[in-house]
Amino acid sequence: IIEAAISKKNEMDRLKSMIKPDSAIITHIGKKHHTTLGDLGQREQEMIKLVEDVPANSWVLLPNSLSNNPNVTKIKATIYNWGNDSFLPFAKMTSEKHQSKMGYEVIFPCGTRYLGETTSGYHYFLDLLNIALKAAFLENISIEAICRVLNDYQFEPMKTELWQSQIGSTFINDTYCSDPQSVDQSLKQFTNASPNQRKTFIFSGMRGENAHIEADYKRIGQAITKAN
């Protein structure tokens, strides 16, 4: 599995010639690199380049937002949408958002159903689940094997980026920040710092709606005090 990412126009031309994918998935396009890639139409065009030459007897998974893009006609492989495609498995929520446990249901084309749950606070986990489900199904992985993996798999609750600058400063970027757990994990990185190093914490608040906002912010405040 190879993940390809670009930040400038025509970078994908070089990547696709190196990767030559047998099958491919385009995830969220979003607003990344707007200044270097231009408007949404230009960003979509660059992403589609990667999947244009996937063999005709294979498949590509695209977000629903690309359905009306004229460049998809260049794709030789069979096109499926990872959002909602009746020919493939589909996952949907079975509980209200922001409950402590969020239930979901997977419906397979044959009618088989799988019920699962995950902890509240996982950002766009349904999209990730639908992408993985459909790709596995298209690769002829059995329904039994897919359900077995879902039964044991735990979604990652956060995504923390760490990098070091040229002057030696370590940056810990909590890109997730929708529940106290992700903040806790980021603050734990301070334990690796030397006692005489300055620690700076910049916090602009948690993402999304939150039914327990007062308790969560109190917990974050306690974690900041402990880390200091």
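The basis for the numbers below is simple: all heavy atoms, side chains too, and nothing from hydrogens, waters or symmetry mates.
When all heavy atoms of Thr73 and Pro70 are compared, the pair lying nearest together is OG1-O, 2.8 Å. Val54 and Leu50 get closest at one heavy-atom pair: CG2-O, 4.5 Å. Shown here for Lys76 and Glu52, the closest heavy-atom pair between the two residues is NZ-O, 3.4 Å. Looking at every heavy atom in both residues, Pro55 comes nearest to Ala77 through O-CB, 3.3 Å. Pairing each heavy atom of Ala91 with each of Val106, the nearest pair is CB-CG2, 4.0 Å. The two residues Ser67 and Asn64 come nearest to each other via the heavy atoms OG-O, 2.8 Å.
Looking only at distances, a side-chain donor or acceptor of Ser58 sits under 3.5 Å from a matching main-chain atom of Asp22. A donor-acceptor contact shorter than 3.5 Å links the side chain of Tyr114 to the backbone of Asn151. Under the 3.5 Å distance criterion, the side-chain polar atoms of Thr94 are matched with a main-chain donor or acceptor of Gly103. Within the 3.5 Å criterion, the main-chain N or O of Leu129 finds no donor-acceptor partner in the side chain of Trp82.
Tracing side-chain contacts under 4.5 Å through hydrophobic residues (I, L, V, M, F, W, Y), one reaches Ile131 starting from Ile141; they form part of the same cluster. A single hydrophobic cluster is seen to contain both Leu150 and Leu126, as judged by linkage of ILVMFWY side chains at heavy-atom distances under 4.5 Å, directly or through other members. Hydrophobic clustering (ILVMFWY, side-chain heavy atoms < 4.5 Å, transitive): Ile213 and Ile220 are in one cluster.
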Could you walk me through whether Lys134 and Asn81 pass side chain to side chain donor-acceptor pair (under 3.5 Å), step by step? CA-CA 9 Å; Lys134 290 170 171 58; Asn81 292 321; over 6 Å; no

Using the side chain to side chain contact (heavy atoms under 4.5 Å, CB included) rule, take Asn69 and Gln45 through it: C-alpha gap first, then chi angles, then the decisive distance, then the call. CA-CA 8 Å; Asn69 189 298; Gln45 181 178 336; 5.7 Å; no

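Here the CD1 atom belonging to Ile143 is positioned 12.5 Å from the CZ atom belonging to Arg148, to the nearest 0.5 angstrom. A distance of 7.0 Å separates CG of Leu128 from NE2 of His28, quoted to the nearest 0.5 Å. Between atom CZ of residue Phe137 and atom CG of residue Leu88 there is a gap of 6.5 Å, rounded to the nearest 0.5 Å. For the atom pair Leu61 CG and Thr27 OG1, the distance stands at 11.0 Å (nearest 0.5 Å). A distance of 6.0 Å separates NZ in Lys218 from CD in Gln222, rounded to the nearest 0.5 Å. Interatomic distance, Phe108 CZ to Arg113 CZ, rounded to the nearest 0.5 Å: 11.5 Å.
Side chains of Ile25 and Val51 form no contact here, defined as non-hydrogen atoms less than 4.5 Å apart. For the pair Ile6 and Met47, the minimum side-chain heavy-atom distance is below 4.5 Å. Counting heavy atoms from C-beta outward, Glu44 and Asn71 have side chains that stay 4.5 Å or more apart. Looking only at side-chain heavy atoms (C-beta outward), Val60 and Thr78 stay at 4.5 Å or farther from each other. Side-chain contact check for Phe203 versus Tyr217: some heavy-atom pair is nearer than 4.5 Å. Within the 4.5 Å cutoff, the side chain of Lys74 has no heavy atoms near those of the Ile48 side chain.
Between Glu46 and Lys9, no side-chain nitrogen of the basic residue sits less than 4.0 Å from a carboxylate oxygen of the acidic one, so the salt-bridge criterion is not met. Comment: Lys20 does not engage Asp53 in a salt bridge, judged by the lack of any side-chain N to carboxylate O separation of less than 4.0 angstrom.
Between the side chains of Lys92 and Asn130, no donor-acceptor pair of N or O atoms lies under 3.5 Å.
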